[in-house]
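One structure is given below, encoded as C-alpha cells.
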Amino acid sequence: MRSHLLNGLTAEHYRSSVTEGVERVAAKLATTDRPFTGVAVDALTPRVDAIDLDAPLGDTTAVLDELEDVYLKDAVYFHHPRYLAHLNCPVVIPAVLGEAVLSAVNSSLDTWDQSAGATLIERKLIDWTARRIGLGPAADGVFTSGGTQSNLQALLLAREEAKTDSVANLRIFASEVSHFSVQKSAKLLGLGQDAVVPVPVGHDKRLQTVALARELERCVQDGLVPMAVVATAGTTDFGSIDPLPEIAGLCAQYGVWLHVDAAYGCGLLASLKYRDRIAGIEHADSVTVDYHKSFFQPVSSSAVLVKDAATLRHATYHAEYLNPRRMTQERIPNQVDKSLQTTRRFDALKLWMTLRVMGADGIGQLFDEVCDLAAEGWQLLAADPRFDVVVAPSLSTLVFRYIPSAVTDPAETDRANLYARKALFASGDAVVAGTKVGGRHYLKFTLLNPETTTADIAAVLDLIAGHAEQYLGESLDRAS
Ligand SMILES: *Cc1c(COP(=O)(O)O)cnc(C)c1O
C-alpha cells in the first residue's frame with residue numbers, strides 16, 4: 001500500500017498514474033460531440049449504487065474504466081460550445097496545470113510554515129487584483145472557496161465595522177436580483193429576518209439609485225442602522241451591473257460600507273474593451289471576485305478584497321498551535337489571520353500560471369469575445385419574432401423566452417418554455433438555464449465559451465423552438 005503514497009520513492013508511479021488519467025480526459029475532450037448525454041438520474045443512480053466501496057479494484061486502469069462508466073461518459077462538459085447554461089467557464093490549460101501542481105505539492109495556505117512561497121504568490125495576486133480594481137495602497141484580501149464565502153466574509157467585516165449596540169438594527173441593501181448568498185450571509189451573521197432590504201431594479205435589471213436613496217433615508221428615520229450596500233457588478237441572472245458611481249456616492253453620504261459583488265463581472269478587470277463598464281468599483285470597501293467564473297479558472301478560485309487591510313482583523317483569531325500572537329510581531333505572514341478557512345488550498349497558483357503564460361490581456365480577450373458574442377446573440381433574438389428577450393447584455397448573459405404565435409395564455413407559454421429546457425437537456429444537444437422574470441418562466445444563456453459561435457446560438461434557438469412547438473402540438477392533441 002505504501003506504493004500509493006506520493007513521495008520520492010513513488011515519483012514514477014505518480015507520473016504514470018496521473019498521465020493515464022490525463023490521457024483519458026484528453027481523449028474525452030477530443031471526442032465529446034455534445035455537452036451532455038442526457039442520462040437520466042434513474043439510469044445513472046444504479047450504476048453508482050452498484051459499486052462496493054469496501055472492495056477496491058487496486059489497479060488504476062480498472063478504476064479509470066469504472067470512472068468512465070459512472071462519471072466521465074455522462075458528465076456535463078462545460079468546454080462544449082453548446083453548453084450555455086450556468087456561470088461555468090471552460091478552463092484554460094495553464095490553470096489546469098497549476099491545479100495538478102498544487103494538489104501534488106499540497107501546500108496549505110493557512111500559515112507560512114505550511115506554504116512559504118505559496119503565501120507570497122497568493123499575496124502578490126491579491127495585490128495585483130486590488131490594483132486592477134483601484135482599491136488604493138492600504139488594500140488587502142485573501143483567496144476564498146467562492147463568491148458565497150467572499151460575500152459572507154465581506155459582510156462579516158461590514159457588520160463588525162457598523163456602529164450599533166444591537167445587530168437587530170442592522171440593515172443590508174441589495175437589489176432584488178442580487179445573489180441569494182447575501183441573504184444567506186445575513187442569516188449566518190445572526191442578523192434579523194428583515195435585515196436584507198431588497199431594492200427595486202429598473203427595466204435594465206440595475207438597482208435604482210433613487211429607490212436606494214429612499215430606503216437609506218427611511219432606515220435612518222426609523223432609527224435603524226444601514227450596515228452595508230451590496231452592489232452587484234454582473235447579476236447572476238442578467239449580467240446587469242448596478243450603477244456603481246451613484247451607489248458609491250450614497251454610501252459616502254450615509255457612511256455605509258459598500259460591498260461590490262463582482263463574482264461575475266470581475267472578468268472586466270482584464271478586459272481590453274469594456275473595463276469602463278465597472279468604473280466606480282474602486283470606491284468599494286470590499287469586493288468579491290470569482291476567477292472561476294470569468295477568468296476561465298477551474299473551481300475553486302475566488303477572492304475577497306478590502307480597501308482597508310485593517311478591517312481583516314475581524315476575521316483574526318490566534319491559536320497557540322498555529323498562529324500565536326507573537327508571530328504577528330515577528331512579521332510572519334500567516335494568511336489564516338485573514339481567512340474564514342483554516343486549512344486552505346493554494347488555488348492562487350492557477351491564476352498565477354495563467355497570468356505567467358497568457359497574461360491578463362489573454363484572459364481579457366477571451367472575456368471580451370464572449371461579451372461580443374452575447375451582443376450578437378441579442379441582435380439575433382431581438383430580430384426573431386419567435387422570442388422575447390429581456391435586456392441588452394452588459395456582460396455575456398441573455399434571458400429570453402419562446403413566444404408561440406397562437407398562444408395567448410401566459411401559463412401555457414411558461415409550460416412550453418419549461419418543457420423546451422427539459423427536452424433539450426434530455427437530448428444532450430445543448431444545455432441552457434432558466435429563470436423567472438415578472439413571475440414568468442424564461443430561458444437563459446450564460447455565454448462563457450469563446451468557442452461558441454452565433455451559428456451555435458441560432459441552432460440552439462431553433463432546437464428550443466422545435467421542442468416548444470412539439471409540446472404545444474401535443475398539448476393541443478390532449479385538449480381535443
Ligand atoms: C456565482 C455568484 C455568487 C456565488 O459565488 P460561488 O462561487 O458560486 O459561491 C455570488 N454572487 C454572484 C453575483 C454570483 O454570480
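As the structure lists them, so they are numbered: ligands from 1, and atoms in each ligand from 1. The chain is numbered in sequence order, starting from 1. All values below come from the heavy atoms of this structure, side chains included, with hydrogens, waters and symmetry mates left out.
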Residue, atom name and distance, where the atom is the protein heavy atom closest to atom 11 (N) of ligand 1: Asp261 OD2, 2.6 Å
Which of the numbered atoms in ligand 1 are under 4.0 angstrom from any heavy atom belonging to Leu87? 15 (O)
Do any heavy atoms of Lys293 fall under 4.0 Å from ligand 1? yes
Would Phe346 and Val105 count as a side chain to side chain contact (heavy atoms under 4.5 Å, CB included) here? Give the steps. CA-CA 10 Å; Phe346 182 24; Val105 180; over 6 Å; no
Can you sort out which atoms of ligand 1 are near Asn151, meaning under 4.0 Å from one of its heavy atoms? 10 (C), 11 (N)
For ligand 1, is there an N or O atom under 3.5 Å from any N or O atom of Thr235? no
Does Asp290 come within less than 4.0 Å of ligand 1, judged by its heavy atoms? yes
Does ligand 1 have an atom that lies less than 4.0 angstrom from a heavy atom of Gly234? yes
Taking the inter-plane angle between the rings of Phe400 and Phe387 on a 0 to 90° scale, is it parallel (under 30°), tilted (30 to 60°) or perpendicular (over 60°)? perpendicular
Leu216 and Gln253: side chain to side chain contact (heavy atoms under 4.5 Å, CB included), yes or no, with the steps? CA-CA 10 Å; Leu216 283 167; Gln253 186 186 332; over 6 Å; no
Any salt bridge linking Glu68 with Lys28? Criterion: basic side-chain nitrogen under 4.0 Å from a carboxylate oxygen. yes
Asp140 and Lys338 ion-paired at < 4.0 Å: yes
For atom 9 (O) of ligand 1, what is the closest protein heavy atom, and at what distance to 0.1 Å? Thr148 OG1, 2.6 Å
Would you mind listing which atoms of ligand 1 come within a distance below 4.0 Å of any non-hydrogen atom of Gly147? 4 (C), 5 (O), 6 (P), 7 (O), 9 (O)
Show the atoms of ligand 1 that are less than 4.0 angstrom away from any heavy atom in His179. 2 (C), 3 (C), 4 (C), 10 (C), 11 (N), 12 (C), 14 (C)
About how many Å separate OG1 of Thr236 and NZ of Lys293, when rounded to the nearest 0.5 Å? 5.5 Å
Answer yes or no: does an N/O atom from Gln149 fall short of 3.5 Å to an N/O atom of ligand 1? no
Is it true that Arg344 and Asp110 make a salt bridge, defined as a side-chain N closer than 4.0 Å to a carboxylate O? no
Below 6.0 angstrom between ring centroids: does that apply to Phe367 and Tyr274? no
